[in-house]
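Below: one structure, written as structure tokens.
Remember, predicted model here, so these are calculated numbers, not experimental data. Lettering follows sequence order; numbering is per chain, from 1.
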There are 2 protein chains.
Amino acid sequence: MAKNKNTEQKIFDAATELFMEKGVDRTSVRDIASKAGINLALMNYYFRSKENLFDAIFTNLVKENTRELLKILDSDMDLEEKVQNYVNAYIDILTSNPLLVPFFMAIIHRSQDKITKMKMISNLYGTEKFSQQIVDEGKKGTIRRTDPSHFFVDMISLITFPFAIRPLIMDRNEMSAEDFNLFIHERKEHVTNLLLKNMKDC
Amino acid sequence: MAKNKNTEQKIFDAATELFMEKGVDRTSVRDIASKAGINLALMNYYFRSKENLFDAIFTNLVKENTRELLKILDSDMDLEEKVQNYVNAYIDILTSNPLLVPFFMAIIHRSQDKITKMKMISNLYGTEKFSQQIVDEGKKGTIRRTDPSHFFVDMISLITFPFAIRPLIMDRNEMSAEDFNLFIHERKEHVTNLLLKNMKDC
DNA sequence: GAGTGTTTAAAATATAGTTTAAAACAATAT
DNA sequence: ATATTGTTTTAAACTATATTTTAAACACTC
């Protein structure tokens with residue numbers, strides 16, 4: 001840990017951790033200040049309010065975690081390779097930060113009014129190009145005709161949902177954090193197969 | 001005697017709505033009182049505390065919404081019919097109360113410590129009997145050998161996740177609430193097919 | 001050492017959940 | 001019909017904590 005991180009960054013980091021762990025509403029600015037080792041009022045000095053700080057953190061998290069995924073969707077790989085890459089990359093991202101999904105879920109539920117936030121997560125979603133590719137390959141006959149919106153929802157559901165219910169899965173199957181990661185790792189191939197098999201006629 | 005049942009129920013109902021809509025932590029007891037049209041102190045009179053009220057509501061919601069699903073899983077249908085019934089029943093329940101999933105997600109994230117709550121949701125999960133059935137039919141050769149825990153996660157993910165991101169789906173595809181219901185209705189068959197097809201060799 | 005940006009301490013607001021004490025009510029026994 | 005009792009409701013107070021604002025202290029640069 002770099003020891004002279006500037007104060008703004010310390011606040012930002014501490015808040016990020018706390019928001020993800022305990023949820024925005026159960027994190028007080030005192031918690032943030034004390035975790036960052038700074039005075040209470042500094043949060044206000046750097047980010048006018050808690051809500052503002054939250055916005056900054058949220059925007060940052062979305063940017064950090066979508067770039068790679070969108071690049072894959074927009075690339076020129078064929079569908080099969082693309083799905084495979086997307087699933088792997090997405091699961092890798094989430095494995096290295098298992099709280100990302102519950103955090104986003106909470107935000108969707110929490111700030112339905114704030115369309116802006118919605119739009120940002122929404123971009124995690126399929127691009128036009130990807131949808132078109134599914135339609136095209138359906139017409140060409142390389143794959144079964146598939147509704148892109150259902151396909152996309154399937155894919156995201158299968159990838160992300162296990163992280164949303166991670167505590168339940170771990171509890172029920174008596175898994176450690178490592179066990180869970182193993183389980184999730186298995187899902188890379190499992191989900192890819194499930195999705196691709198469904199696209200093929202048979 | 002009739003009147004007090006009324007008040008208690010009014011509090012219970014108002015709180016249920018608010019908790020599901022805005023989340024537990026963003027709902028104040030004053031909100032509840034005003035929505036229920038009762039005095040602030042009555043909440044404490046009937047349910048000792050907000051957390052207590054929350055527990056009561058939560059327990060009730062779980063009970064209400066799992067009974068039918070567990071009955072299906074424990075029934076003597078063959079696997080194919082069972083999956084079909086489960087998917088349909090689950091989607092019907094969620095369609096008639098689209099906030100159920102986000103609410104449960106929030107709880108999982110919110111009260112990871114409270115094991116009891118975990119266990120309750122956990123029972124939404126596959127029963128032993130169902131898992132065994134998957135293993136058995138795999139051995140018999142009626143279906144491909146399938147890992148029950150992955151299968152179950154797949155099934156729940158595909159059913160419930162769309163509700164967790166409902167605002168996003170609606171926003172992105174410019175859907176009204178009705179459109180969304182239609183989309184979800186389509187998923188009954190879609191998800192069933194996806195799951196069943198994957199269990200067959202081909 | 002004046003001026004700048006940064007940090008601290010403390011006061012002022014605001015809102016949360018909970019508790020109290022007494023009034024209003026309903027049912028029943030006198 | 002009235003007094004007694006237990007239940008339900010009310011308004012206000014209490015306690016705790018969250019958030020925002022203000023002003024002063026510090027430290028660095030020019």
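Between the CE atom of A/Met43 and the P atom of D/dT20 there is a distance of 6 Å, given to the nearest Å. Here the C1' atom of nucleotide C/dT8 and the CZ atom of A/Arg30 are 15 Å apart, to the nearest Å. Nucleotide C/dG17 holds its C1' atom 8 Å from the NZ atom of B/Lys50, rounded to whole Å. In this entry the distance linking OH of B/Tyr46 with P of D/dT10 reads 10 Å, nearest Å. Per the geometry, CG belonging to B/Asn39 stands 14 Å off P belonging to C/dC25, to the nearest Å. Rounded to whole Å, atom P of D/dT22 lies 17 Å from atom CG of A/Leu42. Atom CG of A/Leu40 and atom P of D/dT21 are 13 Å apart (whole Å). Taking atom CD1 of B/Ile11 as the reference point, atom C1' of D/dT10 lies 13 Å away to the nearest angstrom.
Between A/Arg26 and A/Asp31 there is no salt bridge, since none of the side-chain N atoms of the basic residue sits less than 4.0 Å from a carboxylate O of the acidic one. B/Asp76 has a carboxylate O that lies under 4.0 Å from a charged side-chain N of B/Lys129, or vice versa, which qualifies the two as a salt bridge.
There is a side-chain donor-acceptor pair under 3.5 Å between A/Asp13 and A/Gln9. Remark: the A/Asp154 side chain and the B/His190 side chain contain an N/O donor-acceptor pair separated by less than 3.5 Å. Looking only at atom types and distance, the side chain of B/Lys82 has a donor-acceptor partner in the side chain of B/Gln133 under 3.5 Å away. B/Asp92 and B/Thr95 share no side-chain donor-acceptor pair at under 3.5 Å.
One finds no side-chain N or O of B/Asn44 lying less than 4.0 angstrom from the OP1 or OP2 phosphate oxygen of C/dG17. An OP1 or OP2 oxygen of C/dT7 is reached within less than 4.0 angstrom by a side-chain nitrogen or oxygen of A/Thr7. Taking side-chain N and O atoms only, A/Tyr45 has no distance below 4.0 Å to OP1 or OP2 of C/dT8.
As judged by a 4.0 angstrom heavy-atom cut-off over every strand, B/Phe47 is placed among residues making no nucleic acid contact. Across all strands, B/Val29 comes closer than 4.0 Å to base atoms (heavy-atom distances).
Centroid-to-centroid, the aromatic rings of B/Phe183 and A/His150 come within less than 6.0 Å. Ring centroid separation for the pair A/Phe58 and A/Phe104 comes in under the 6.0 Å cut-off. In this structure, the ring of A/Tyr86 has its center no less than 6.0 angstrom from the ring center of A/Phe130.
A donor-acceptor contact under 3.5 Å is not formed by the side chain of B/Arg48 with the base of C/dT18.
Along DNA chain C, the nucleotide nearest B/Ala41 and the nucleotide nearest B/Asp31 are compared for position; the residue whose nucleotide lies closer to the 5' end is B/Asp31.
Scanning both residues, B/Met175 and B/Phe180, for their nearest heavy atoms gives SD-CA, 4.0 Å.
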Legend entry - Watson-Crick or G-U pairs under 3.5 Å in DNA chain C, rendered as dot-bracket with [ ] for crossing pairs and | for another strand: |||||||||||||||.||||||||||||||
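A heavy-atom distance below 4.0 Å to DNA chain D is reached by none of the residues of residues 16-27 of chain A. Applying a 4.0 Å cut-off to non-hydrogen atoms, none of the residues of residues 51-61 of chain A approaches DNA chain D.
The CD1 atom of B/Ile72 sits 12.5 Å away from the CZ atom of B/Arg67 when rounded to the nearest 0.5 Å. Between atom CE of residue B/Met43 and atom CD of residue B/Glu8 there is a gap of 12.5 Å, rounded to the nearest 0.5 Å.
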